[in-house]
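Down below is the structure, laid out as structure tokens.
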Amino acid sequence: MAEIEEEDFMYDYEESDDEEDEDEEGDFVSDGLLREDSVPSGSKLKAEWQTLSPDQLSKKMFEIVDDVNAVFQLPTPHVRILLTACKWDKEKLMERYYAGDQEALFREAHLIHPKKRNPNPVIVVRAQSTSTCGAAASSKQEYICDICMMSYSTDHMMGLECGHLFCRPCWNNYLTVMVMSQGRAQTLSCPATSCDIVVDEATVLELLTDGEVRKKYQYLITNSFVQDHPLLKWCPSPGCCNALLASNNVEHEPVSCSCGHSFCFKCSRDPHEPILCTYLSKWLKKCDDDSETSNWIHVNTKECPKCSATIEKNGGCNHMICCNNSCKAEFCWVCLGPWEPHGTSWYNCNRYNESDAKSARDAQMGSRAALERYLFYCNRYMNHLRSSKMEAKLYEMVHEKMKELQQLGMSWVEIQFMKKAVDVLCLCRQTLMYTYVFAYYLKKNNHMLIFEDNQSDLEIATELLSEYLEREITSVSLDQLKIQVQDKSKYCEARRKVLLEHVYEGYDQDFWDFTEL
Amino acid sequence: MGGASHAYKEMAFLKRLKKEYMELKKSPPPGVVLDDSVLENNITNWIIHISGAEGTLYSGEQFKLNIKFNDKYPFDSPQVTFIKPYLPVHPHVYSNGHICLSILDRDWSPALNVSSICLSILSMLSSCTQKVKPDDDSMYMRFAPSNPKKTTWVFHDDSV
Ligand SMILES: [Zn+2]
Ligand SMILES: [Zn+2]
Ligand SMILES: [Zn+2]
Ligand SMILES: [Zn+2]
């Protein structure tokens, strides 16, 4: 049998003891990676999180493994597999290990209890196998590898504690197939038939020669760590390799990665305040299911209410001017009503008139009313979705304006208010978009009336800000423009905060009535 | 992969197949006969005759196995099927010749070989107590891929 020192099976992470972190809390602060203020949020529950680079991530994983191993003294992969079975809750694992049924714990993790292991594993390969195991091997002896049938001297053979020896090229090949074709890393075992001795990562990395395969192996290990750990999430931004580690109270709040991408921690989609993940899923599915119907198409195509020319919306603003030169009608994109009343007092555009709906319900079948109600909210939702898809164009437009302002004598620092205003505009539109999903699933009560007022206020404020940003620069003096844009964007932020806080208060105090899912 | 390791792979693959071939020809397990008339043309496609063991339900019956190796063999399991119409009526053998046997799938190990596959199949036949088709045979026939390795097998009962 090949002599294998016990150390080979232990991960020897010699880290200074001061790294020990009994309380995660302290860890969060000391890392200096707190980013709780980077996403303006109306949420009362303040979640904390930190971005972990791939290196920090595997360091974090080994910290936990080492903590447990300091007590258990088991091979690293075993500890990792046990931790996976306990969702990386080391307290829970310790408790089960010492208080509960150890054998059941190991069985659940598909491991053999180290004390129950057969000391003389049987090789089931072939009766007249040349590669005997357990026999004292002189170093000059030639072995025939049971996988490739080629003979090698002892030092080209490798085996784990079970004593099954195979040549190094075969080990490499075997591990490569397991990692690349089967995506296995966590539970790689000895290639001998029915032998379930797990290969630890030090050995895997020693045996694997190809850089790509090693990379995939390490990725699979950290990926299973992130997927099984309830407080870890990969940043969904394409090309970003970071993961986010959240504190305990993270729920549906948006978090943001150090790469700049914000997302919902729970569902990894773009931030979707104030609607909850479950209702959003429901909504997206509904939109998908209905997307083929003619009703939905009707929501997406519009004609000028005056001359019937097809309208192309090329900016975010709802104030439309028909491009037909002989028409030039001004109207609102949302309700197709004349624009004039919108300019001074907001047209009743965000509110689905429940009394109208009621009479419609009375007059017609219930399904028809339900469809109308859906189309109402869908229409507004789609409108904001369309605007958000034009964000890049908006930023480009504002960038041009900023250059123009610079030429007119403003400094680079001074003109940043424009960029900030677009950020606010996009954020408000995003929130507004989801308020219609929220409202769709809401049952009418007094709080809903307050919510609709807040929504209406935010719509007006956002629309005004959008107009100010699209306005020709020459039309006002520079200082005036700056003050107006800043005022409008501050007002938008304030309205958004009021709306979100009210919604979250409702979640906390349970005053929203939702339609059943 | 470097050129050296590629050469090793090809050599290991052929060497192993040739060695298995020689051994199976020289000292085949009881009830197993290698059909080398087919083998001449293609070392990666084998046909093996299997006889049901005496004193079992399949005593006196002859079956034919087709074993196809891909270049990942022995790290990836070979594709093993019974050839129609030489297939046994057995709860783990489907009408298209596919076999539900865990060592051909989840429990494959590169240290297994053709001889151990044949022995496992013989023992699967010998331990059978009732000659019936699999419960889900007609369902499987409708959706089965041509390569059994593409099927997700559920191994309910290893004792049969
Ligand atoms: Zn072994
Ligand atoms: Zn070998
Ligand atoms: Zn990121
Ligand atoms: Zn979510």
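When reading the values below, keep in mind they use all heavy atoms of this one structure, side chains included, and skip hydrogens, waters and symmetry mates. Proteins come first, then strands; the chains are lettered A, B, ... in the order of their sequence lines, and each starts at number 1.
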Looking at B/H49, I'd like to know if its NE2 atom is crowded, meaning that more than 12 non-hydrogen atoms belonging to other residues, nucleotides or ligands lie closer than 6.0 Å.
yes

Let me know if A/S181 has heavy atoms under 4.5 Å from chain B in its side chain, its backbone, both or neither.
side chain

Sequence neighbours excluded, the answer for ring pair (Phe, Tyr, Trp, His ring centres under 6.0 Å) partners of A/Y174 is none

Around atom NZ of B/K131, are there more than 12 heavy atoms of other residues, nucleotides or ligands at under 6.0 Å?
yes

Shortest non-hydrogen contact from A/I147 toward B/R16:
O-CD, 2.6 Å

As an exercise, state the distance from CD of B/E20 to CE of A/M149, rounded to the nearest 0.5 Å.
5.5 Å

For B/P110, is it the side chain, the backbone, both or neither that has a heavy atom under 4.5 Å from a heavy atom of chain A?
both

Does atom CD (B/Q62) have a neighbourhood of more than 12 heavy atoms from anything else shown, all under 6.0 Å?
yes

Can you tell me if A/T193 uses its side chain to pair, donor with acceptor, with the backbone of B/S109 under 3.5 Å?
no

Taking the side chain as C-beta and beyond, is there a heavy-atom pair between A/I144 and B/K19 under 4.5 Å?
yes

Correct closest heavy-atom pair for A/C170 and B/F75 would be O-CE2, 3.2 Å

Atom OH of residue position B/Y140 - does it have more than 12 heavy atoms of other residues, nucleotides or ligands inside 6.0 Å?
yes

When you look at CE of B/M22, are more than 12 heavy atoms from neighbouring residues, nucleotides or ligands closer to it than 6.0 Å?
no

